[in-house]
Amino acid sequence: MLLSAPISPNKTSTSKKYPGTFITLEGPDGAGKTTQLRIVSQELKAIGCEHIITRDPGGTAAGKQIRRILLNTTNPLSTMAELLLYQADRAQNVAEVIVPALEKGLIVFCDRYIDSTIAYQGYGRGLCLQTISTLNEISTGGLKPDLTLLFDLDSEAGLSRLHPGSYDRLEREALDFHKKVREGYLTLAKEESNRFRIIDASTSLTTVQASLRKALNEKLALNLPEG
Ligand code: TMP
């Protein structure tokens, strides 16, 4: 099946042009956002709040193959090849999963999106931020999240939650790389404070879960318990 790719780099849009709501989760490695999303998804299901969860990279069949190439620790990848693979994965996810779900009026949660590329390939790898921004626009057709939840924690703390033996290609990077990634995220959150909401991910699972529920209650006018 051929899906039309979003190719309007100069037109920035939000999901406002769709009836659905687009929420992204971001954060350094080890922040726990995937676990938190899984838990809150069960609660949303229980109250009949229709939503889907996708991820960057790996939200589609093609994306799963791209994810394997990206995170594999054996094949070398140039920084530009890495950047373009993340964008290829994203273009497919937007066309195949995200836009169709927003058109149907669903809430779409995406575990990582454009801000990961700015934080990791821009701040972490040092690639040109303007180039990344242009590529983000091209791969998404300018689709920006309505809300971005940044799970923030200290880089050492994040890495210490992972098992060094199973680090993927990005997790293997030096501590300095991860510190730059965090700095990138915090800069983005400051620049786009209307879109971002920072969640302190250094606390216990239940405290983080309460902050997540609070943020979703506010954005989606829900009544999930915050205690
Ligand atoms: P995760 O989905 O398990 O968090 O792993 C994805 C890894 O890829 C994570 O280390 C962040 C990294 N990444 C980038 O470097 N650039 C990107 O654009 C995205 C989406 C992820």
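Note that ligands are numbered from 1 as they come in the structure, with each ligand's atoms numbered from 1 the same way.
- Separating the CZ atom in R112 from the CG atom in N93 is a distance of 14.0 Å, to the nearest 0.5 Å.
- Annotation: salt bridge (Lys or Arg N to Asp or Glu O under 4.0 Å) contacts involving residues 63-78, sequence neighbours excluded, are absent.
- Listed by chain and residue number, R213 satisfy the side-chain hydrogen bond (donor to acceptor under 3.5 Å, both in side chains) test with E43 (two or more places apart in sequence, or in another chain).
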Measure from every N or O atom of ligand 1 to the protein's N or O atoms and keep only the pairs below 3.5 Å, writing each with atom names and distance to 0.1 Å.
{"unit_1": "ligand 1", "atom_1": "2 (O)", "unit_2": "R67", "atom_2": "NH1", "d": "3.0"}
{"unit_1": "ligand 1", "atom_1": "3 (O)", "unit_2": "R67", "atom_2": "NH2", "d": "3.0"}
{"unit_1": "ligand 1", "atom_1": "4 (O)", "unit_2": "R112", "atom_2": "NE", "d": "2.7"}
{"unit_1": "ligand 1", "atom_1": "4 (O)", "unit_2": "R112", "atom_2": "NH2", "d": "3.4"}
{"unit_1": "ligand 1", "atom_1": "8 (O)", "unit_2": "Y86", "atom_2": "OH", "d": "2.7"}
{"unit_1": "ligand 1", "atom_1": "10 (O)", "unit_2": "D29", "atom_2": "OD1", "d": "2.9"}
{"unit_1": "ligand 1", "atom_1": "10 (O)", "unit_2": "D29", "atom_2": "OD2", "d": "3.3"}
{"unit_1": "ligand 1", "atom_1": "13 (N)", "unit_2": "Y86", "atom_2": "OH", "d": "3.2"}
{"unit_1": "ligand 1", "atom_1": "15 (O)", "unit_2": "Y86", "atom_2": "OH", "d": "3.4"}
{"unit_1": "ligand 1", "atom_1": "15 (O)", "unit_2": "Q121", "atom_2": "OE1", "d": "3.4"}
{"unit_1": "ligand 1", "atom_1": "15 (O)", "unit_2": "Q121", "atom_2": "NE2", "d": "3.0"}
{"unit_1": "ligand 1", "atom_1": "16 (N)", "unit_2": "Q121", "atom_2": "OE1", "d": "2.7"}
{"unit_1": "ligand 1", "atom_1": "18 (O)", "unit_2": "R90", "atom_2": "NH2", "d": "3.2"}
{"unit_1": "ligand 1", "atom_1": "18 (O)", "unit_2": "T117", "atom_2": "N", "d": "3.4"}
{"unit_1": "ligand 1", "atom_1": "18 (O)", "unit_2": "T117", "atom_2": "OG1", "d": "2.7"}

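- With rounding to the nearest 0.5 Å, the separation of CG in L149 from NZ in K219 is 10.0 Å.
- Applying the salt bridge (Lys or Arg N to Asp or Glu O under 4.0 Å) definition to pairs two or more places apart or across chains, those involving residues 186-200 are D115-R195, K144-E192, E192-R195, R197-E218.
- Between Y185 and Y123, a ring centre-to-centre spacing not shorter than 6.0 Å is recorded.
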